[in-house]
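Below is one structure; the comments refer to it alone.
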Amino acid sequence: MTEAVVTDIRPLAAVLVSAVSVVLIVASHRYPNIRESWSILAALTKFGLIASMVPGVLDGTEYEASLGEFVYGIEFALKADALGMIFALLASFLWIFTAFYAAGYMRGLDEGNQTRFFAAFAASLSAAVGIAFARNLLTIFVFYELLSVATYPLVAHDGSKEARVAGRKYLAYTFFGGGLLVLGGTALVFAMAGTTEFGATATHLADSNAALARAAFGLLAAGFGVKAALMPVHSWLPDAMVAPTPVSGLLHAVAVVKSGVFGIARLVLEVYEPQLVGDLGVGIVLAIVAAITLTVASIIALRADRLKRRLAYSTISQLSYIVLGLGLVGPAAVAGAGLENVIKGGLLHIPAHAFMKLTLFFCAGIIHVETHTDYISEMDGIGKRMPLTMTAFGIAAAGMAGIPLVAGFVSKWFILIGAVQASQSAFAVVLLISGVLNIAYFWPIVYGAFFESYDSADSKPLVEGPLGGHSPKQAATDGGSEQDPGGDAESHDTHVEEGHHGGPGDGGWDRVGWTGDEGSWLMLGPILLIAAGAVVLGIVPDAAVFLQLIEDVAQGVMA
């Protein structure tokens with residue numbers, strides 16, 4: 001239960017710090033080291049501001065900041081509470097690692113338009129934290145749309161035809177499609193409840209017309225479901241993988257897609273609340289859509305040879321675990337059993353999936369930078385060339401499949417037990433089947449990397465250093481070579497050498513030791529640290545602040 005509501009500038013400051021850094025990044029476009037330092041400093045400052053509120057939130061305090069009336073008496077207001085803190089803390093913490101990784105990635109490929117990239121990246125994090133701390137539906141809608149606008153330049157970064165098409169599709173789905181659905185649902189909730197404040201609408205909605213209440217829920221769930229990549233509105237996500245890997249990692253495994261499932265969490269837990277979700281019967285529909293999505297996406301992933309595309313469909317599947325847990329909140333509330341477990345499982349899979357999937361995408365990125373290999377069929381034996389990278393990949397893949405000692409096991413266990421307790425065993429069976437499918441599409445990658453070999457390859461000499469790794473490249477003022485100021489025009493996933501996609505050359509993969517010589521530590525360091533975080537969440541989840549926040553949310557919902 002909330003003990004106090006405190007007016008505080010920190011929720012607003014956490015949103016604005018990366019917005020301010022956009023100006024500084026653009027102003028420093030001629031000085032790449034300074035430009036990237038602004039990005040790192042903004043990430044550290046944002047995380048520090050958010051982390052400073054965690055002790056108070058765990059003690060029951062909510063920190064609020066209001067900019068006054070927005071429209072029709074609705075305030076444009078922010079609120080740092082336990083649920084919002086889960087998303088904000090996650091996004092800001094992982095941005096720190098991504099800031100370093102992105103510098104190594106963009107320099108490693110000598111990318112063009114790096115200033116625009118880092119500026120858009122910072123703006124996206126500003127919008128993501130705004131979504132996390134939004135106090136009402138209208139405020140979350142504004143930041144939801146701003147996130148789509150801010151991330152468009154990142155999706156279309158390459159400037160290739162494929163990237164531009166993917167960018168337009170991304171905007172059509174998330175800005176015009178999902179955004180308008182959220183706006184329509186918000187207007188309908190306001191018409192019935194007279195407010196859009198989280199935690200203040202459920203009683204009014206329960207007394208309103210049931211058909212209209214279901215319609216409003218459907219509009220909001222569909223709108224947030226677009227960014228959560230629920231089928232059939234999922235196809236923007238695999239296409240958006242043409243973006244640079246740091247974008248695919250943080251924004252399409254953490255911030256953008258998590259804004260969708262976070263919106264569904266606000267909808268289920270605070271706009272409608274579990275009992276009303278169960279009484280209206282909308283939770284079971286949401287759970288069915290999630291179950292279909294996680295199964296079908298896993299099957300499609302089996303057939304994808306391009307690594308980032310397989311990871312994209314894996315993301316679609318894993319996001320639906322979160323939505324499934326939230327959808328089961330309604331049936332659990334009606335049954336009077338399993339409610340706490342499905343809430344904990346659904347919400348815990350938000351950070352669990354983020355740590356694991358960010359590791360996987362970052363591994364795909366460093367493989368591309370160092371070997372120009374993008375296809376799974378060309379990765380046999382790559383564990384010799386990139387042992388630390390593929391070990392981290394194997395750890396994260398095990399967690400995605402729900403193997404114990406990695407983060408994914410704990411969250412999926414809660415959902416599984418909660419489904420059984422709520423007399424929804426069919427969904428427990430779906431979870432088990434999906435786990436098998438996860439093993440089926442991840443194990444061949446790990447097995448092929450370490451236990452199979454390529455018949456031919458060329459040697460890829462390394463620049464040795466005292467700590468291993470390549471000597472970092474010096475960045476041009478805005479990336480790209482002098483001969484090609486605009487950078488590579490091809491998308492990252494479609495870069496091919498003439499007659500050769502990637503993989504080893506004629507002499508097989510060069511064997512590299514375990515000292516980090518396989519790539520730049522600007523990229524390798526974040527991979528290893530985030531993979532270690534996934535293990536920590538799997539072994540000692542009670543010691544992780546995320547689970548403490550989630551338990552506070554569950555207790556508040558059940559009070």
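Small disclaimer: the values here were computed from a predicted structure and weren't measured.
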Distance-minimising heavy-atom pair for [X] and [Y]:
X	Y	answer
Tyr173	Val226	O-CG1, 3.2 Å
Thr174	Tyr144	O-CE2, 4.3 Å
Phe224	Ser259	CD2-O, 4.5 Å
Trp236	Ala229	NE1-CA, 4.4 Å

Using 30° and 60° as the class boundaries, would you call the ring planes of Phe97 and Phe93 parallel, tilted or perpendicular?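 Perpendicular, since the angle between the ring planes exceeds 60°.
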Would you please indicate yes or no on a ring centroid separation below 6.0 angstrom for Tyr152 and Tyr170?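 Ring-ring flag for Tyr170/Tyr152: false, centres at least 6.0 Å apart.
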Ring centroid separation Phe143 to Phe76 under 6.0 Å: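 Judged by ring-centre distance (under 6.0 Å), Phe143 and Phe76 do meet the cut-off.
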Donor-acceptor pair, side chain of Arg310 and main chain of Tyr441, under 3.5 angstrom: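 Side chain of Arg310 to backbone of Tyr441: a pair is present.
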Side chains of residues 322-344: which donor-acceptor partners sit under 3.5 Å, not counting sequence neighbours?
from   : atom 1 : to     : atom 2 : distance (Å)
Asn341 : ND2    : Gln421 : OE1    : 2.9

Between the side chains of Gln548 and Asp552, is a donor N or O closer than 3.5 angstrom to an acceptor N or O?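 No, no side-chain donor-acceptor contact under 3.5 Å.
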Would you check, one step at a time, whether the test side chain to side chain donor-acceptor pair (under 3.5 Å) holds for Thr196 with Thr186? CA-CA 7 Å; Thr196 64; Thr186 299; over 6 Å; no
Quick one, Phe176 with Ser148, criterion side chain to side chain contact (heavy atoms under 4.5 Å, CB included). Give me CA distance, side-chain angles, the key distance, then yes/no. CA-CA 9 Å; Phe176 296 105; Ser148 296; over 6 Å; no
With the threshold set at 4.0 Å, does a side-chain nitrogen-carboxylate oxygen contact exist between Arg266 and Asp81?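 A salt bridge links Arg266 with Asp81.
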Show, in sequence, the C-alpha distance, side-chain angles and deciding distance for Lys412 and Ser434, and conclude whether the side chain to side chain donor-acceptor pair (under 3.5 Å) test is met. CA-CA 11 Å; Lys412 293 178 182 181; Ser434 179; 6.0 Å; no
Would you compute the distance between atom OG of Ser124 and atom CG of Leu147 and round it to the nearest 0.5 angstrom?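 Nearest 0.5 Å value for the OG-CG distance: 6.0 Å.
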